[in-house]
2 protein chains.
Amino acid sequence: MTLSLHERIRTDIESAILSGKLAPEDRLPVEHELMQTYQCSRMTVNKALSALAAAGLIERRKGAGSFVGRPHAHSMILDVPDLPVEVAKRGHVYGYQPLVRKLRAAARGNAEEELLAGGRRLLQLDGLHSADGAPLAVERRLVSLAAVPAIADADLEKEPPGTWLLRHVPWTEAETRISAVPADAEIARLLKTPVGTACLLVERQTWRSSERITAVRQYFLGTAYHLVARFGSTRP
Amino acid sequence: MTLSLHERIRTDIESAILSGKLAPEDRLPVEHELMQTYQCSRMTVNKALSALAAAGLIERRKGAGSFVGRPHAHSMILDVPDLPVEVAKRGHVYGYQPLVRKLRAAARGNAEEELLAGGRRLLQLDGLHSADGAPLAVERRLVSLAAVPAIADADLEKEPPGTWLLRHVPWTEAETRISAVPADAEIARLLKTPVGTACLLVERQTWRSSERITAVRQYFLGTAYHLVARFGSTRP
DNA sequence: CACCTTAGAATGTATAGACATATGGCGCAA
DNA sequence: TTGCGCCATATGTCTATACATTCTAAGGTG
């Protein structure tokens, strides 16, 4: 793969930073110097540096110059894969078993549910994800019928509601909380594991321009699943 | 804040996508149309669209056009905060207590450790993070002396090694695995919790251009800590 | 010596044009 | 009808230039 010129400039500087040749707070060559070095126009240099700035690798200060940014080991990229896809990728047979499908109002006094419902009703969808027949995760989901009326008529027998929503209510914003909890009696029964087993709890809320769509709690069998996050120059 | 023209074009299209006015696979106006709409040059439009493509919001196909991408609820942004900072931000007093400091060779047969050591020795650093005196997390860390010889002389009594490394070996690439495990006897003793308590296990490896720096396992008290990941248009 | 002004330096934004390259559809030929 | 090739289309890359904005540092003034 032959890199275009601005890509080459970008990767050159990128590897200089990641290898430590350029330390944080170091000043980069100014645009005119890079123009000389690579024998190109300023716009080409600018494109490379702007990309690095957008990625947070450098900081550009108008009038002052460009500087290597300080690293932030926070803000890594977390892969939250679609379960059917992920399970299939590991060579297992994915299964989804719906457990509860209930149309109901928001629980009174539960501010969370009332916000989600937005005055109308909620669809509660509980289900069990499995890999090769073995339980993998229990899912408890609430969907706002105000935001997604179409889900009332959706066929959710084979496809988990998360996958359905991903296809029908695209480009939502989301926030995910990850924690570890012991399995309560019901979770333990469904996951066929002793009460108190460590479970990875993934709580996710999604909304679209301030309209709340869905809230889900997924209890993963702690030993059978993990999430992976990355930080670095490796781009997809 | 007055947006520049290419920023305005970008945010216009961005909100059209996030609000659903533009659905996945939809075709965007071609660059020449946008030039007309905004009365600007092609480079300006191109800058806006390139930024959207870099963010994964749209897909551009040479010769074909620009299309709204399919949403990926995966690849969220995970905040892995520096513990001292995060604890302080919540109004608690952070504490770090070193437990083990041992210079040793890689365990034979442990491919992981041998890779990290790179033929030389490892520094093992175990410690306990606490908030307001209450145990928060146990940390077990290995640092490659081949990669970071300076850490042999570092003062790690008050500052956790993670913070020290962040300041002295910046811009590492990293991979984090997140799972849930029960506390074994030693972890339970240190966290002052019963054996089997659900713990959030965060395993992180960092390296710099294929040279391995450190590997760490942090066991968080499940009920006392959680991670948060976000996905959406909100940029810092 | 302290403070203010100012000139230069560096990035931010935008224009207009040129050529390169991948795509997809249309028309022509076998 | 089928398959091939060509061409219009749309994006990718790059140039050269212009002016705006912001920061830094030098130099002059009180």
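Per chain, numbering begins at 1; letters A, B, ... match sequence-line order.
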Choosing from [options], which nucleotide comes nearest the side chain of [X]?
X: A:Asn46; options: D:dT11, C:dG12, D:dC14; result: C:dG12
X: A:Ala64; options: D:dA10, D:dC23, C:dT13; result: D:dC23
X: A:Ser41; options: C:dT23, D:dT15, D:dT21; result: D:dT15
X: A:Leu5; options: D:dA10, D:dC14, C:dA10; result: D:dC14
X: B:Met43; options: C:dT13, C:dA16, C:dA18; result: C:dA16
X: B:Cys40; options: C:dT15, C:dA10, C:dG12; result: C:dT15
X: A:Arg27; options: C:dA10, D:dT24, D:dT11; result: C:dA10
X: A:His6; options: C:dA14, D:dA10, D:dT13; result: D:dT13

Would one find a side-chain N or O of [X] under 4.0 angstrom from OP1 or OP2 of [N]?
X: B:Thr44; N: C:dT13; value: no
X: A:Ser66; N: C:dA10; value: no
X: B:Arg60; N: D:dA10; value: no

**Message:** Heavy-atom nearest nucleotide on DNA chain D for A:Glu7 versus A:Arg61: which residue maps closer to 5'?
**Reply:**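 The residue mapped nearer the 5' terminus is A:Glu7.
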**Item:** Of A:Lys47 and A:Arg42, the one whose closest DNA chain D nucleotide lies more 5'
**Value:**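 Checking each residue's closest nucleotide, the 5'-ward one belongs to A:Lys47.
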What is the distance, rounded to the nearest whole Å, between atom [atom1] of [X] and atom [atom2] of [N]?
X: A:Met35; N: D:dA16; atom1: CE; atom2: P; result: 8 Å
X: A:Leu3; N: D:dC14; atom1: CG; atom2: C1'; result: 16 Å
X: A:His32; N: D:dT17; atom1: NE2; atom2: P; result: 11 Å
X: B:Glu59; N: C:dA22; atom1: CD; atom2: C1'; result: 14 Å
X: A:Lys62; N: C:dG12; atom1: NZ; atom2: P; result: 7 Å

Do you see a donor-acceptor pair shorter than 3.5 Å between the side chains of [X] and [Y]?
X: A:Arg60; Y: A:Ser66; result: yes
X: A:Gln218; Y: A:Glu139; result: yes
X: A:Tyr38; Y: A:Asp12; result: yes
X: A:Thr11; Y: A:Glu14; result: no

**Prompt:** If you look at every strand shown and take non-hydrogen atoms under 4.0 Å, does B:Glu33 touch a base, only sugar-phosphate, or nothing?
**Reply:**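 Answer is nothing: B:Glu33 stays at 4.0 Å or more from every strand.
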**Asked** With a 4.0 Å cut-off on heavy atoms, is A:Ser50 in touch with a base, just the backbone sugar-phosphate, or nothing at all?
**Response**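 Nothing, no heavy atom under 4.0 Å.
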**Request:** Evaluate the ring planes of B:His129 and B:Tyr94, with Trp represented by its six-membered ring, and classify them as parallel (under 30°), tilted (30 to 60°) or perpendicular (over 60°).
**Result:**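 B:His129 vs B:Tyr94 ring planes: tilted.
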